[in-house]
Amino acid sequence: MSTPVPAAADRPSLTHEGTGREPRRTAVLVVVLAAVLLVSMDNSILNVALKTLAEPAPVGLGADHSQLQWAVDAYTLAYAGLLLVSGLLGDRVGHKKLLVAGVALFGVSSALSAYARTPDQLTSLRAVMGVAGSLIMPATLAIISAVFPGERRTKALGIWTAVVGVAVALGPIIGGALLERFWWGSVFLVNVPIVAVALVAMVRFVPAARRSGAAEGRRMDLLGVALSGLGLLGVVYGVIRAGELNDWTGRDAGLPLAAGVVLLAAFVLWERRVAQPALDMRYFRERGFAAAATSLAVLYFALVGGTFVITFYLQSVRGYGPLLTGVCVLPLAASLIIFAPRVPRLVARFGVRAVCTFGLATMAAGLLGLAAVGRSTPIWLFEIWLFVFGTGTAHVHPPSTATVVSTLPAGESGAASAVNNTFRQVGGSLGAAVLGSVLNAAYRARIDPAVGGLGDGPAERARGSVAATLQVAQDLAAHGHGPQSYSVAQAAYGGFLHAMRTTWLAASVVVLVTTVFVFLVMGPGPSGGAGQAVADPADGLDQVRGTEPPA
């Protein structure tokens with residue numbers, strides 16, 4: 001199926017409002033990437049603050065494990081549930097407007113989060129930040145698709161991926177440095193000056209895409225938007241609760257998960273019947289589109305679900321502090337920065353299928369290597385396997401993103417960006433919940449014999465996490481139970497390493513299965529069998545009239 005080329009009246013015009021001038025592409029890219037960095041860094045910067053937030057006031061908020069998890073998951077829930085409607089809204093009112101609104105809301109909610117007085121307040125404000133993120137991320141990809149034509153678009157998407165990698169590294173490092181000098185709220189307050197500068201630059205440099213004719217008269221598929229949003233909310237909420245409770249069949253997780261699946265099925269059926277769907281289901285018949293979307297979901301399944309254990313491994317098992325832990329994540333970011341901008345040339349030479357298959361296989365190799373590390377493994381070897389894993393993600397993310405975004409027609413660039421982000425977010429949520437359940441189950445099975453005789457209270461507390469088990473061991477030592485303390489601590493180290501290996505092995509199996517799927521389904525050509533990718537320069541938001549503007 002070829003993507004239809006919109007009629008001239010339906011093609012958007014991309015100019016600075018009121019001036020008719022063409023955008024300066026490099027300036028636009030820098031401004032848009034600042035927004036990407038802001039959102040991506042905030043997600044990673046919070047991770048190093050969780051341990052501090054668990055401390056009693058005034059050091060932290062005295063949050064328990066469940067409250068800490070919801071401080072993270074509230075963002076994911078709001079973000080995933082609103083992505084599609086945000087993308088569609090951007091197609092109607094303009095992606096620049098949504099980007100500016102999202103960044104402004106992100107700044108305000110960040111400032112308020114810094115002064116939250118209870119865990120519940122922080123969770124609520126994190127949900128508002130998720131709403132802001134859902135406005136920002138689809139708009140960034142849509143604007144990149146608008147400004148950059150052809151191969152330059154693919155290169156820009158590679159840089160977009162590299163910036164996400166930079167955020168992975170900068171978040172823990174900046175968070176660790178701030179926590180060593182300031183109070184926990186500083187990890188949110190640091191966003192405010194970035195937001196102020198970014199808003200000024202956005203108004204100055206980011207162009208506004210205006211649509212005309214039939215495109216402006218297209219009706220919003222309100223029922224489809226509602227079904228997709230509520231369905232994603234149900235699925236993501238159910239997955240989060242299942243991971244939290246380590247129970248996929250109970251009412252608390254099973255009912256919302258089942259309801260979400262039913263609503264998403266209804267969404268698919270409705271979209272196949274309605275004349276003007278929110279998302280045309282026919283695009284999923286494209287081999288390249290389906291395989292690329294699956295690759296993105298599995299990438300984030302492994303990235304989020306398989307690497308969140310790194311913080312516990314480095315801090316609890318190896319005894320590193322927050323700042324050093326952040327530094328140890330640098331190889332993952334470095335691999336993305338090094339390889340992601342170079343991937344488009346490989347795609348042009350070997351095709352999307354070859355590059356994505358290589359990337360997925362390399363990710364699996366990195367996960368298998370990480371599964372072999374132990375407490376005394378030289379840290380440089382751990383760093384090498386982390387670099388290998390990151391190298392694989394760098395070869396999957398840019399071509400998969402480009403395939404998804406370019407398959408949908410120009411007038412649906414916001415929907416395409418939302419689909420891309422939705423697969424990423426749902427994949428990451430599934431990874432955190434599924435692999436988190438694997439980690440918890442494997443850890444509890446190994447730790448039970450050592451803590452079973454401690455009594456109900458201490459035993460249940462020790463089963464919560466490796467950090468909790470080590471705290472119980474310290475309490476035993478403080479009360480003169482040295483031998484028992486040593487036994488519990490050693491069980492914690494051994495149990496966590498076993499659980500960590502099981503988790504990474506499970507992730508590697510999922511990635512390997514996806515590798516075979518992508519190789520068999522995706523076409524061998526440069527587009528991966530995604531039909532006619534958005535034609536340049538006529539078919540796309542990248543329609544920029546006149547001569548090439550200065551870089």
Side-chain angles (χ1 to χ4, degrees), residues 69-70 72-89 127 130-131 133-134 138 219-286 289-298 300-301 304-305 404 408 412 414-438 510 513-514 517:
Q69 184 168 358
W70 277 107
V72 176
D73 292 338
Y75 180 97
T76 301
L77 196 62
Y79 184 95
L82 295 174
L83 275 173
L84 183 58
V85 65
S86 296
L88 293 170
L89 190 61
V131 174
S134 72
R219 297 177 60 185
M220 174 77 81
D221 178 18
L222 296 178
L223 180 58
V225 168
L227 288 172
S228 68
L230 293 174
L232 283 171
L233 281 173
V235 169
V236 174
Y237 178 84
V239 167
I240 289 171
R241 287 292 287 166
E244 181 185 5
L245 301 172
N246 195 25
D247 180 10
W248 289 81
T249 59
R251 182 176 61 183
D252 287 349
L255 285 180
L257 187 58
V261 171
V262 170
L263 288 171
L264 288 179
F267 168 70
V268 173
L269 293 175
W270 171 255
E271 295 302 282
R272 295 180 63 179
R273 297 182 57 184
V274 68
Q276 296 180 339
L279 179 61
D280 196 334
M281 291 294 111
R282 291 177 298 174
Y283 290 109
F284 288 93
R285 299 176 186 173
E286 295 282 5
F289 182 87
T294 303
S295 297
L296 282 173
V298 171
Y300 278 87
F301 178 93
V304 176
V404 170
L408 272 71
E412 299 177 26
S417 303
V419 169
N420 171 80
N421 282 287
T422 299
F423 272 90
R424 290 171 55 233
Q425 198 67 24
V426 172
S429 299
L430 285 171
V434 173
L435 296 179
S437 295
V438 171
V510 174
V513 171
T514 306
F517 170 78

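Reckoned from all heavy atoms, side chains included, excluding hydrogens, waters and symmetry mates.
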Undergrad: So do Leu435 and Phe301 actually touch side chain to side chain, heavy atoms under 4.5 Å?
TA: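 Yes - at least one pair of side-chain heavy atoms lies under 4.5 Å apart.
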Undergrad: Please report the closest heavy-atom contact between Ala78 and Ala127, naming both atoms and the distance.
TA: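 Smallest interatomic distance, heavy atoms only, reads CB-O, 3.3 Å.
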Undergrad: Name the one of Leu269, Leu264, Leu263, Val268 that satisfies side chain to side chain contact (heavy atoms under 4.5 Å, CB included) with Leu227?
TA: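 Testing each of Leu269, Leu264, Leu263, Val268 against Leu227, the sole residue satisfying side chain to side chain contact (heavy atoms under 4.5 Å, CB included) is Leu263.
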Undergrad: Once side-chain contact (heavy atoms from CB on, under 4.5 Å) is applied, do any residues pair with Ala259, and if so which ones, sequence neighbours excluded?
TA: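 Counting only residues at least two positions away or on another chain, Ala259 forms no side-chain contact (heavy atoms from CB on, under 4.5 Å).
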Undergrad: Can you sort out the partners of Phe517 under ring pair (Phe, Tyr, Trp, His ring centres under 6.0 Å), two or more places apart, ordered by chain and number?
TA: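 In terms of ring pair (Phe, Tyr, Trp, His ring centres under 6.0 Å), with neighbours along the sequence ignored, Phe517 is linked to no residue.
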Undergrad: Val261: what forms a side-chain contact (heavy atoms from CB on, under 4.5 Å) with it, not counting sequence neighbours?
TA: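 With neighbours one apart ignored, the set is Val235.
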